[in-house]
Number of protein chains: 2
Amino acid sequence: MVTLSEENYLKAIYHLALRNDEKVSTNAIAQKMQTKASSATDMIKKLSEKGLVDYQKYKGVNLTEKGRLSAVSVIRKHRLWEVFLVDKLSFNWDEVHEVAEQLEHIKSEKLTQQLDAFLNYPTKDPHGDPIPDPSGNMPSTEKVLLAKIENHKHCICIGVKDSSAEFLQYLDKHNIALGTEITIVSKESFDESMTLKINKTPLVISKEVSHNLFVKIN
Amino acid sequence: MVTLSEENYLKAIYHLALRNDEKVSTNAIAQKMQTKASSATDMIKKLSEKGLVDYQKYKGVNLTEKGRLSAVSVIRKHRLWEVFLVDKLSFNWDEVHEVAEQLEHIKSEKLTQQLDAFLNYPTKDPHGDPIPDPSGNMPSTEKVLLAKIENHKHCICIGVKDSSAEFLQYLDKHNIALGTEITIVSKESFDESMTLKINKTPLVISKEVSHNLFVKIN
DNA sequence: ATTTATTTTTAGACAAGACTAAAAATTTAT
DNA sequence: ATAAATTTTTAGTCTTGTCTAAAAATAAAT
Ligand SMILES: [Mn+2]
Ligand SMILES: [Mn+2]
Ligand SMILES: [Mn+2]
Ligand SMILES: [Mn+2]
């Protein structure tokens with residue numbers, strides 16, 4: 001049995017290990033969990049005890065296969081519930097996270113399975129993030145940051161790196177959604193700002209925006 | 001803020017206070033919560049501290065209005081989720097309780113409200129129990145036990161008193177569901193057994209059954 | 001009206017998860 | 001290579017919710 005707190009830590013470790021796939025530090029975990037390093041150490045010991053992470057004092061942690069499966073199962077539920085909230089209960093994409101954070105811990109194989117079917121086996125959540133399959137495979141996506149796209153190219157918005165309500169509301173305000181076509185009109189090297197064209201409307205964005213929006217080349 | 005455990009205790013007290021609307025004893029609470037009397041006492045003190053119950057040592061407890069509202073809100077969510085599971089995710093009525101027991105604690109006004117709308121504002125859960133409205137009014141129902149119905153009368157099944165999986169599966173097996181028409185063919189005074197006619201098929205039931213099935217006169 | 005049985009409360013302990021303060025290990029800088 | 005700074009772990013405490021064992025109050029029986 002994995003407790004609610006343990007699930008949240010496993011999820012944090014999974015996400016931290018994604019890019020820099022070295023071992024995850026105690027401090028990084030504490031920061032992500034909004035807690036103190038000493039609390040993180042305590043929890044790491046419990047997870048290690050239960051065989052969910054590999055741990056050596058002072059050396060950081062790695063998820064074991066068992067831990068990875070547990071984390072991915074929680075992420076699967078989180079993203080399915082997000083789809084449910086948006087598709088069926090008319091939530092906006094900036095309103096779903098907090099609720100999904102609770103729903104992801106509901107324990108019922110049948111519930112998850114039936115929810116998946118009810119939603120017609122979605123492959124992406126409302127923020128463009130992939131939904132793992134029931135056996136724990138996380139689909140890999142070839143998404144690239146808008147900041148990396150060359151001048152004058154066309155691309156399509158397929159996801160967000162930052163899914164905070166503030167950023168999502170900014171995108172809403174400027175009519176950027178998943179599937180929106182974006183043209184890079186110009187790039188300013190001084191401050192990394194960019195001028196885009198969206199539905200024939202020009203838009204100047206800062207580097208904070210271009211570094212948090214995933215696109216694919218059209 | 002009311003914790004998950006506190007919510008479960010409040011719900012237990014609410015249900016215990018229903019029929020015998022005197023004060024609820026510590027032992028009764030402990031038994032319903034599958035815990036020890038000493039644990040119940042501890043929790044009662046916390047609830048009293050928070051103004052959710054009225055409590056005098058050795059005299060039992062009553063929900064305050066604040067406590068009643070909290071309990072009814074949890075019951076509302078429990079029953080809405082049960083409807084969701086049966087109507088949308090094709091759960092059987094004997095499979096929903098355990099999952100609803102978890103879902104009832106999810107905290108989001110918007111979620112409950114949107115779920116209610118999505119389900120088309122149901123007034124009864126899959127077991128025939130009434131769903132309280134958003135402001136905490138529990139609809140009263142004029143249901144009567146099958147055991148009280150006179151010989152040769154017709155009635156319709158509208159609910160269950162015992163909603164355990166075992167009883168619900170017994171009803172499934174004998175084709176008794178909400179809305180099923182039942183005719184009392186005869187009553188045996190010796191053991192309180194009854195002979196029914198359901199869809200032209202005769203069925204002999206024990207007093208255990210007739211005392212756990214709610215009907216209304218046709 | 002006492003004695004006996006039952007119910008309820010207290011006292012003390014434990015596990016989970018978090019915190020603060022201090023010690024130990026590791027990393028960075030000189 | 002040492003010293004300084006940072007990270008990580010330990011030690012000890014707290015809160016929530018549970019438990020057992022014992023004491024106190026209430027209810028039942030003689
Ligand atoms: Mn969570
Ligand atoms: Mn998401
Ligand atoms: Mn519950
Ligand atoms: Mn029910």
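Values below: every heavy atom of this structure, side chains too, minus hydrogens, waters and symmetry copies. Letters go in sequence order (proteins before strands), and every chain restarts at 1.
Geometrically, B/K110 engages A/F91 in a cation-pi contact defined by less than 6.0 Å to the ring centre and at most 45° from the axis. By the 6.0 Å and 45° rule, B/K161 does not stack over the aromatic ring of B/F214. For the pair A/K88 and A/F118, the distance from NZ or CZ to the six-membered ring centre is under 6.0 Å and the angle to the ring normal is within 45 degrees.
Running 5' to 3' along DNA chain C, contacts with non-hydrogen atoms of chain B at under 4.0 Å begin and end at C/dT7 to C/dT10.
Taking the six-membered ring for Trp and thresholds of 30 and 60 degrees, B/H127 and B/W93 have nearly parallel ring planes, at less than 30 degrees apart. Between A/H97 and A/H78, the ring-plane angle classifies as tilted under the 30° and 60° cut-offs. Ring pair A/W81/A/F84 is perpendicular by interplanar angle, where above 60° counts as perpendicular and below 30° as parallel.
Proximity of A/K45 to the phosphate of D/dT10: a side-chain N or O atom is located under 4.0 Å from OP1 or OP2. Phosphate contact (OP1/OP2 of D/dT26, side-chain N/O of B/K57, threshold under 4.0 Å): absent. Phosphate proximity of D/dT20 to B/K36: present, with a side-chain N or O under 4.0 Å from OP1 or OP2. In terms of phosphate contacts, B/T35 brings a side-chain nitrogen or oxygen within less than 4.0 Å of OP1 or OP2 of D/dC19.
In this entry the distance linking CG of A/L4 with C1' of D/dG17 reads 16 Å, nearest Å. Atom pair B/I44:CD1 and D/dT18:C1' shows a separation of 15 Å (rounding to whole Å applied). D/dC14 atom C1' lies 13 Å from atom CG of A/D42, rounded to whole Å. The CD atom of B/E6 sits 15 Å away from the P atom of D/dT15 (whole-angstrom rounding). Separating the CD atom of B/Q34 from the P atom of D/dC19 is a distance of 10 Å, rounded to the nearest angstrom. Between the OH atom of B/Y58 and the P atom of D/dT26 there is a distance of 7 Å, rounded to whole Å. Atoms CD (B/Q56) and P (D/dA24) sit 21 Å apart, rounded to a whole Å.
Both A/M43 and B/G60 lie close to DNA chain C; mapped to their nearest nucleotides by heavy-atom distance, the more 5′-ward contact belongs to B/G60.
A donor atom on one side chain and an acceptor atom on the other are found under 3.5 Å apart for B/S90 and A/Q114. At a cut-off of 3.5 Å, with distance as the only test, no side-chain donor of B/N27 or B/S25 sits close to an acceptor on the other residue.
Residue contacts for A/S5: at a heavy-atom cut-off of 4.0 Å it reaches the sugar-phosphate backbone alone, with no base atom in range. Among the atoms of the strands shown, only primed sugar atoms or phosphate atoms (P, OP1, OP2) are found under 4.0 Å from some heavy atom of B/T26.
With respect to the salt-bridge test (charged N to carboxylate O, under 4.0 angstrom), the residues B/E104 and B/R79 do not qualify. A salt bridge between A/D116 and A/R76 is present, with a side-chain N of the basic residue lying under 4.0 Å from a carboxylate O of the acidic one.
Listed nucleotides D/dT26, D/dT10, D/dA21 differ in distance to B/S38; the shortest reach to its side chain belongs to D/dA21.
Bending across the helix from C/dA1-D/dT30 to C/dT30-D/dA1, expressed as the angle between its end axes from five pairs apiece, amounts to 10° (10° rounding).
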